[in-house]
Amino acid sequence: MEDPLAAIRVTFFQECEEQLSELESGLIAMENGTAESETVNAVFRAVHSMKGGAGIFALDELVRFAHVFETALDKVRSGSLEATPPVVAIFLRAADILADLVRAARDGGAVDQARVADVVKAFDEIEGQKEIPGSHEEEMVADPSEAQDNVWEVTFTPYPALYAKANEAALLLRELNRLGETEIKLDTSLLPELLELDPEGAYLTWLITLKSDCEESDIRELFEFVEDDCRLEIGRSETEGFAPGTVITGDNGFKFEFFPPMEEEIEEETEVKVVEKKKEEAAPKPVEQALVHASAVQAMVTKAETANSVAPTIRVDLDRVDRMIDLVGELVINEAMLSQRVLEAGINRASGVAMALEELEHLTREIQDSVMAIRAQPVRSVFQRMPRLVREVAAMTGKQVRLVTEGEATEVDKTVIERIADPLTHMIRNAIDHGLESTESRIAAGKPAEGTVRLTAVHRSGRIVLEVADDGGGINRSRVRQKAVENGLILPDAQLSDEEIDNLIFLPGFSTAAKVSDISGRGVGMDVVRQSIQALGGRISISSRPGYGSTFTLSLPLTLAVLDGMVVSAHNHTLIIPLGAIMETLKPRAEDVFPLDGDLNMLALRGGYVPVVDVAHCLGYSVQHAEPEQSVALLVEGEGGARAVLLVDAIHGQRQVVIKSLEANYRAVPGIAAATVMGDGRVALIVDVDAVVQNAGAESNAHTAELNNLEISGGAA
Amino acid sequence: MSMTILTVDDSRAMRDMLRHSLVAAGFRVIQAEDGLHGLEVLAAEAPDVIVTDINMPRMDGFGFIQAVRQDEARRATPVLVLTTEVDVEKKNRAREAGATGWIVKPFDPVKLVDAIRRVAA
Amino acid sequence: MEDVVQSLSDGHELIAFRVGRQEFCINVMMVREIRGWTAATTLPRAPRYVKGVINLRGAVLPIIDLAIRLGMPGSEPTARNVIIVVQLSHRQVGILVDAVSDILAANGAVIQPLPDVTSDLVKSFVKGLLPMDGRMVSLIALDRVLPPEELEAA
């Protein structure tokens, strides 16, 4: 059984991440001057909410810092502090520290206290804020009474407001009885004649004598909710103890306070007036009581909507969405099965049934798209993390960098978003560290001192395309080439186009950094980025112009829940090959196939040789090898750019399939990436192209040099 | 019959925490994410006590309490404000709006439960 | 295994089924569904007792041929065979058997231990013998029907 508090803690930290990114985007909007009136409120709320949550878990450091931050933001909100660029810059630094504090609280570890102190000091300077959080509350905790055995005299006169706020005098008196021996007298002298009696009025006064060793504060605590809505006098014979605004505190920072009494509220009538005054902004005209509620709510809805130009949203458990996606996947399959049956039954395509079915198919696809869209989220959440990264890397490298982002609203599946953050981080780091020249070199080259890194997202032909572009010096091809030769990745006399040279940086182990830098490191280079992108069914490419900079282009599927696949058969088994891995389909000729060693064949392809993988044999479906000339060949590219030709018996077309896990009820199967359910209701397996290609690579281990050559010549996708 | 408490807070962590504390005390807990959502919930539910935050998107606690007090059927329902605000002006606004009480977070679960029991008639 | 014994005394029901000439039973609480045989999709390089995977309302379910798993000679399944879908911790697995034979009330049943001569393979599945109306029913534990992870390399 999971500890509920641990689960709440997890939720809290998840929310903190959301709020941190909200905070940062809001502050950046303020920095760019694109802030709307609601922005400051949202920024304030983000910090405020983190503070509140941190309080639950006694994360004192976080609470303290959030409080200082929040106080400054509140001043901006109320207009007493202007959000000038230097002020916003401090807010941004504070947001970074807040993020560090959150992560330190979550993962353990410490936060650089000097940085915290710097920012706190900066806050002090910009707004003369000297308050230490908590001190304010401390001052209010005033408890003038002293403990003594005593006879207390309590006079308690509820105002109508007490009853209006659903408090109950009798309950309070019963509570009082618990403190000690009580003697209660009811003063009804103010009670009017029945006919004059206002049913919502308040006419009674209780006089209570309490024998107890309790303190005055104990008695006040009982009345804490109602203190402002009644006249409460507590005293010993010689002292008057009436002290409005008393604060009650608990051991854990609990604080309860009564609102100070309001003169207007003695009469019910005036209270209504207050409400109506408030209503001016909410409901324009006083209406019949029964209608007030509806119109007020209506007005508030309208108000809330206009104040917040963003469309209303709801928050739904991801599990529920995934369940729905599963069900829709089922619907798609069932629809396909039905179509197939109808087709098999020989029903005329022009018949009513067939046409209705077509309509159903159309609707089903539309539902599927809509449901998938629920999981789609704007890439904003990832993009928002980048300004901070840029600030940090810029500071570390001593370069001046401006980050420009475009297409933040571009949507992609949540899973994809979660998994592109790391590759993008790496690429942006790389763009600043390796792509941009030093400030001196830029000035010498007649460029602006400040380098620009542009991060963009756009939808293109059913995929999301992300670009990281820098206006640096471009790829130093002679150095890349030299490095590749040194590392034995290419032969010294290899003939490579510029594009092919540029793509060498994606080869495993390749690093162009002249010296090891603590930013990009060595060995974890673009090959890692390429691998993680390919694991998502994506592709990465680079284009570069000497003197003008480099652009990395990522293309990713919009969702990981469905996949575009080629339906093939191999030895009577239906299989799916991911379309993203397929470069082209070929009809091999016998004379182009050459045995290399053992079982391994190579296919001659445009002057190179590619290993041939017989899919049925590779998966153990068939002992016999398929005849290449009676097969269809698919040229595929796996992880790291390794290529192979897959032999299958036939191609049955392309279709979008819903990905089903094999691990959920079974376990991972070598050579198989996942499963799907076909139109006939049967399970078809999705081939793990990387594994199959690697398998081919392993069989030809002895010929690494040639293979590497092939990889390179094919690298420019 | 156990009492039903409506909690209105935009923080999931805070809602979960409230639910945890209040369910442990034997209350039935219903939740809303902001004031508007709270009003939607109130259209279908009649909680014995409402505990609400102040700073929330869409409709804040002030607006929410006002709307509750204008609803004939809900005007007698005790509304406790649970907030980190220490600003006196905010407190007064909550009071004007018709709040029953004002509790500053971090709350003490035992005292909160006690408070709820006492305001619920 | 203790779970099974425990539930026996709790008065739970057992579902009995035939595999070859033998009769087995499991706690009815484990059973999610009983369905007819449908052709399974063969998995590459799987042990012989893994018949493949089927689609059960969108979930991909492995099918275990219990006869082969228990070391009996298997036969090609037909439409008369039955798949018992069982819940094993967080996984759902289909168990291919010949037929479901009975629902038994476990009240008061005395479990008799296996004789020493039993093979290790059978011992790892069969936890005891139950005398039921003159029949011998083997109480079987299914937690090890799936291939162990080390077989993955095979």
Side-chain angles (χ1 to χ4, degrees), chain A residues 322-334 336-337 561 569-576 613-623 657-688 691-692 695, chain C residues 30-66 68-69 76-77 79 81 83-96 142-154:
Chain A
D322 288 346
R323 170 82 190 126
M324 196 150 101
I325 287 176
D326 267 0
L327 286 172
V328 172
E330 281 312 281
L331 183 65
V332 170
I333 290 160
N334 271 292
M337 282 166 75
S569 59
H571 202 77
N572 297 326
H573 289 83
T574 302
L575 295 166
I576 311 289
V613 179
D614 176 351
V615 173
H617 183 78
C618 173
L619 295 178
Y621 287 149
S622 160
V623 190
V657 299
V658 179
I659 298 173
K660 301 281 180 186
S661 151
L662 276 172
E663 284 98 324
N665 288 313
Y666 188 56
R667 60 173 200 207
V669 175
I672 300 299
T676 189
V677 179
M678 301 298 286
D680 60 2
R682 287 195 58 171
V683 175
L685 303 177
I686 301 169
V687 174
D688 181 348
V692 169
N695 195 31
Chain C
M30 294 174 71
V31 178
R32 290 288 163 272
E33 181 167 346
I34 295 172
R35 50 179 296 149
W37 165 253
T38 42
T41 300
T42 319
L43 291 171
R45 301 174 194 282
R48 209 163 71 85
Y49 55 81
V50 178
K51 297 306 277 183
V53 286
I54 62 160
N55 159 36
L56 182 74
R57 282 187 299 283
V60 175
L61 226 64
I63 303 298
I64 305 296
D65 186 328
L66 196 57
I68 304 178
R69 188 72 179 108
E76 211 36 53
N81 283 84
I83 292 171
I84 303 177
V85 179
V86 295
Q87 185 79 40
L88 301 177
S89 62
H90 59 285
R91 290 189 160 102
Q92 285 197 4
V93 176
I95 306 293
L96 177 67
L142 293 173
D143 40 5
R144 263 177 286 183
V145 290
L146 282 176
E149 292 296 323
E150 63 264 29
L151 267 174
E152 214 163 304

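To find a chain, count down the sequence lines: A is the first, B the second, and so on, and within it residues start at 1.
A donor-acceptor pair under 3.5 Å is absent between the side-chain atoms of A:Arg682 and the main chain of C:Ile54, judged by distance alone. Between the side chain of C:Arg91 and the backbone N or O of A:Tyr666, at least one donor-acceptor pair lies under 3.5 Å.
The environment of A:Arg323 atom CZ is sparse: at most 12 non-hydrogen atoms of other residues, nucleotides or ligands sit within 6.0 angstrom.
Only one option out of A:Val683, A:Leu685, A:Leu619 pairs with C:Leu43 in a side chain to side chain contact (heavy atoms under 4.5 Å, CB included); it is A:Leu685.
With a 4.5 angstrom heavy-atom cutoff, C:Ala39 touches chain A via backbone and side-chain atoms both. Contact annotation for A:Ala675: only side-chain heavy atoms (C-beta onward) come within less than 4.5 Å of a heavy atom of chain C. Within the 4.5 angstrom heavy-atom criterion, only side-chain atoms of C:Val93, from C-beta onward, approach chain A.
Ranked by heavy-atom pairs under 4.5 Å with chain A, the first of C:Gly52, C:Pro44, C:Ala40 is C:Pro44.
The two residues C:Val60 and A:Ser661 make their nearest non-hydrogen contact at CB-O, 4.0 Å.
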